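One structure is given here, and the rest of the page talks about it.
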Amino acid sequence: MLSPSRFRAVVSGRDRGIGASLLRGLLTLAEVPYTWAVRRRNRRFDSGRLPVTRVDVPVISVGNLTLGGTGKTPLVAWLARWFRQHEVRVSIISRGYGAKDGSRNDEALELEDRLPDVPHLQNPDRVAAARVAVEEFETQLILLDDAMQNRFLHRDLNIVLIDALEPFGYDHVFPRGTLREPLAGLARADVVMLSRADMLDEPIRRRIEQRVRHFAPDVVWTEATHAPKSLLNADGDEAPLGTFAGQQVAAFCGIGNPDGFRHTLGVCGYRVRTVREFPDHHDYNRADVEALQTWADSLDVQAIVCTHKDLVKLGVNRLGTRPLWAVSIGLEFLAGGDTLEEKLRQLLPTTSKS
């Protein structure tokens, strides 16, 4: 199995070897039926042949067109806090991808850690989950996490994230690229957010915006950065980001886009000796933990650093003799934040509007 970084090296064309070229050819063949199936499904929704259910409260979808991490979780957390500040009862609904035996997946664990007062329902049947949220939790607004392609539940606001690291999925649908569906799907977006926008110069950001507006001319355009805020351990203790600045650390992650995590570590000023990659949504077992402990003890580093999603699954403060810390991430708008908030105010219950 290809690691996330190796897969991206192949589909992006960075790997120019003969083996990689042959693999790209095979992936192109597989892309054709996948793209056909996705387009056919979207046409069935567009024509009304597949049902779309409405519930009695506003629904906001947060999703993306590409595989892997674009920063949905920090945005969902930001939205939930915004509505809670306006005294709106919010519930989060997600599919629960990667969860096993009825357990919570990494996104749910992280969001519960960030938002202990916000219910989070995981169910592949999001319509059923929405009904439970409204009827049993008296929810006034639903946030759909990672729901761009799940169209069975009507949404009142469709927010699509585009990652600055690979904004258009290398212009190919999976498995030849990282697009979940053709770029024409952007036409369904009400808001597009360019995440990690601080990584790109202004002219490049404008070119990306222009391409998005080719498919969605009237979309609300926003730009944001996922800024590291602090270090966090499994007990909930925080430490300043600069604790290990200029010092050697090792890192690991089980996320869809490890390059984003590498960028974050660089922003923190750490001297990263090595980064160990696991598959997206990796379920760490005892053998994994023991291997990580041995690996950590073999390195001359001051600490081991991971993502918040990895930390909540491991639940330990040390790996071997090395302290384990996660980088806590927050959302900061560079452009379009005020316009997005205006959109959100339109969805407030009458008694909450100000």
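This is a predicted model, so every value here is computed, not measured.
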Task: Shared hydrophobic cluster, Leu121 / Val59 (ILVMFWY, side-chain heavy atoms < 4.5 Å) - done: yes
Open item on the list: Salt bridge or not between Lys313 and Glu110? Use side-chain N to carboxylate O under 4.0 Å.
Closed with: no
Open item on the list: Within a 6.0 Å radius of atom CZ on Arg54, are there more than 12 heavy atoms belonging to other residues, nucleotides or ligands?
Closed with: no
Open item on the list: With rounding to the nearest 0.5 angstrom, report the CG to OG1 distance, Leu161 to Thr222.
Closed with: 7.5 Å
- [ ] Identify whether the distance between the nearest side-chain nitrogen and carboxylate oxygen of Arg151 and Asp46 falls below 4.0 Å.
- [x] yes
- [ ] If you link ILVMFWY side chains whenever their heavy atoms are less than 4.5 Å apart, which other residues fall into the same cluster as Leu292? By chain and number, please.
- [x] Phe252, Phe278, Tyr284, Val289, Trp295, Leu299, Val301, Ile304, Leu311, Leu314, Val316, Leu319, Leu324
Counting only pairs under 3.5 Å, give me each side-chain donor-acceptor contact of residues 210-218, with atom names and distances, residues two or more places apart or in other chains.
| from | atom 1 | to | atom 2 | distance (Å) |
| --- | --- | --- | --- | --- |
| Arg211 | NH1 | Asp171 | OD1 | 3.0 |
| Arg211 | NH2 | Asp171 | OD1 | 2.6 |
| Arg213 | NE | Glu209 | OE2 | 3.0 |
| Arg213 | NH1 | Pro217 | O | 3.0 |
| Arg213 | NH1 | Val219 | O | 2.9 |
| Arg213 | NH2 | Glu209 | OE2 | 3.3 |
| Arg213 | NH2 | Val219 | O | 3.3 |

Task: Distance in Å, Ser61 OG paired with Gln149 CD, rounded so as to fall on 0.5 Å steps - done: 8.5 Å
Task: Stepwise salt bridge (charged side-chain N to carboxylate O under 4.0 Å, His left out) check, Lys229 with Glu332 - done: CA-CA 11 Å; Lys229 297 297 185 183; Glu332 294 182 0; 2.5 Å; yes
Task: Heavy-atom side-chain proximity of Leu344 to Leu157 below 4.5 angstrom - done: yes
- [ ] Could you pull out the closest heavy-atom pair between Pro175 and Val11, with the gap in Å?
- [x] O-CG1, 3.8 Å
TODO: Output all residues satisfying side-chain hydrogen bond (donor to acceptor under 3.5 Å, both in side chains) with Thr66, sequence neighbours left out; order by chain, then residue number.
DONE: none
- [ ] Looking only at non-hydrogen atoms, find the nearest pair between Phe174 and Leu67 and report the distance.
- [x] CD1-CD1, 3.1 Å
TODO: Taking all heavy atoms of Trp325 and all of Glu238, pick out the closest pair and write down the distance.
DONE: CZ3-C, 4.3 Å
Open item on the list: Looking at Asp56, I want to see if its CG is surrounded by more than 12 non-hydrogen atoms of other residues, nucleotides or ligands under 6.0 Å.
Closed with: no
Task: Ile18 atom CD1: more than 12 heavy-atom contacts under 6.0 Å - done: no
Quiz: residues 123-134 side-chain donor-acceptor pairs under 3.5 angstrom, not counting sequence neighbours:
| from | atom 1 | to | atom 2 | distance (Å) |
| --- | --- | --- | --- | --- |
| Asn123 | OD1 | Asp125 | N | 2.9 |
| Asp125 | OD1 | Val127 | N | 3.2 |
| Asp125 | OD1 | Ala128 | N | 3.1 |
| Arg126 | NH1 | Asp145 | O | 2.9 |
| Arg126 | NH1 | Asp146 | O | 3.3 |
| Arg126 | NH2 | Asp146 | O | 3.1 |

Open item on the list: For a side chain to side chain donor-acceptor pair (under 3.5 Å) check, start with the C-alpha distance between Ser91 and His120, then their side-chain angles and the critical distance, and finish with the verdict.
Closed with: CA-CA 6 Å; Ser91 287; His120 189 155; over 6 Å; no
Open item on the list: Taking Arg24 first and then Glu31, would you say they form a salt bridge - that is, a charged N and a carboxylate O separated by under 4.0 Å?
Closed with: no
Open item on the list: Do Leu194 and Val267 land in one hydrophobic cluster if side-chain heavy atoms of ILVMFWY residues count as linked below 4.5 Å?
Closed with: no
TODO: For side-chain contact (heavy atoms from CB on, under 4.5 Å), just list the numbers for Val272 and Phe261, CA-CA rounded to whole Å, side-chain angles, deciding distance to a tenth of an Å, and then say yes or no.
DONE: CA-CA 11 Å; Val272 183; Phe261 183 47; over 6 Å; no
Task: Evaluation steps, side chain to side chain donor-acceptor pair (under 3.5 Å), between Asp198 and His226 - done: CA-CA 9 Å; Asp198 57 315; His226 295 126; over 6 Å; no
Task: Nearest-0.5 Å distance that lies between atom CG in Leu79 and atom CG in Leu143 - done: 5.5 Å
- [ ] Output yes when Glu181 and Arg188 qualify as a salt bridge under the 4.0 Å nitrogen-oxygen rule, no when they do not.
- [x] yes
Task: Spacing of Leu111 atom CG and Gln122 atom CD [to the nearest 0.5 Å] - done: 9.5 Å
Open item on the list: I'd like to check the side-chain contact (heavy atoms from CB on, under 4.5 Å) partners of Gln302; sequence neighbours left out, ordered by chain and number.
Closed with: Phe244, Gln247
- [ ] For Asn64 and Asp163, run side chain to side chain donor-acceptor pair (under 3.5 Å): C-alpha distance rounded to whole Å, both residues' side-chain angles, the deciding distance at 0.1 Å, then the answer.
- [x] CA-CA 9 Å; Asn64 49 295; Asp163 189 357; over 6 Å; no
Task: Non-hydrogen side-chain atoms of Leu231 and Asn233 separated by less than 4.5 Å - done: no
Open item on the list: So Phe7 and Thr178, do their side chains get closer than 4.5 Å, heavy atoms only?
Closed with: yes
Task: Reported CZ-to-CZ distance for the pair Arg14 and Arg16, which is rounded to 0.5 angstrom - done: 10.5 Å
Task: Sub-4.5 Å side-chain heavy-atom contact between Val160 and Met148 - done: yes
- [ ] May I ask you to decide if Leu241's main-chain N or O and Tyr270's side chain share a donor-acceptor pair within less than 3.5 Å?
- [x] yes
- [ ] Report whether Leu141 and Leu75 are members of the same hydrophobic cluster (ILVMFWY, side-chain heavy atoms less than 4.5 Å apart, transitive linking).
- [x] yes
- [ ] Measure the spacing between CZ of Arg89 and CZ of Phe83 and express it to the nearest 0.5 Å.
- [x] 14.0 Å
Open item on the list: Can you confirm whether more than 12 heavy atoms, excluding those of Glu202, are under 6.0 Å from its CD atom?
Closed with: yes
TODO: Could you pull out the closest heavy-atom pair between Arg205 and Leu200, with the gap in Å?
DONE: NH1-O, 2.6 Å
Open item on the list: Under the criterion side chain to side chain donor-acceptor pair (under 3.5 Å), I'd like the reasoning laid out for Glu166 against Ser12: C-alpha separation, chi angles, the key distance, then a yes or no.
Closed with: CA-CA 9 Å; Glu166 49 183 78; Ser12 68; over 6 Å; no
- [ ] Decide if the gap between the ring center of Trp78 and the ring center of Phe333 is smaller than 6.0 angstrom.
- [x] yes
Task: Val55-Val52 co-clustered via ILVMFWY side chain contacts under 4.5 Å - done: yes
Task: Set of residues satisfying salt bridge (charged side-chain N to carboxylate O under 4.0 Å, His left out) with respect to Arg155, sequence neighbours excluded - done: none
Open item on the list: Within the structure provided, determine whether Ser5 and Arg262 are in side-chain contact (heavy-atom separation under 4.5 Å).
Closed with: yes
Task: Nearest heavy-atom neighbours spanning Thr264 and Pro228 - done: CG2-CB, 4.1 Å
Task: Evaluation steps, salt bridge (charged side-chain N to carboxylate O under 4.0 Å, His left out), between Arg84 and Asp117 - done: CA-CA 9 Å; Arg84 292 297 297 126; Asp117 64 334; 3.1 Å; yes
Task: Leu265 side chain near Cys268 side chain, heavy-atom distance below 4.5 Å - done: no
- [ ] Measure across Asp156 and Val57 and return the closest heavy-atom pair with its distance rounded to 0.1 Å.
- [x] OD2-O, 4.1 Å
Open item on the list: Applying a strict under-4.5 Å side-chain criterion to I, L, V, M, F, W and Y, I'd like to know whether Leu331 and Leu334 cluster together.
Closed with: no
TODO: For the residue pair Arg81 and Leu115, establish whether any side-chain heavy-atom pair is separated by less than 4.5 Å.
DONE: yes
- [ ] Please tell me if the side chains of Arg114 and Pro74 come closer than 4.5 Å, counting only heavy atoms from C-beta onward.
- [x] yes
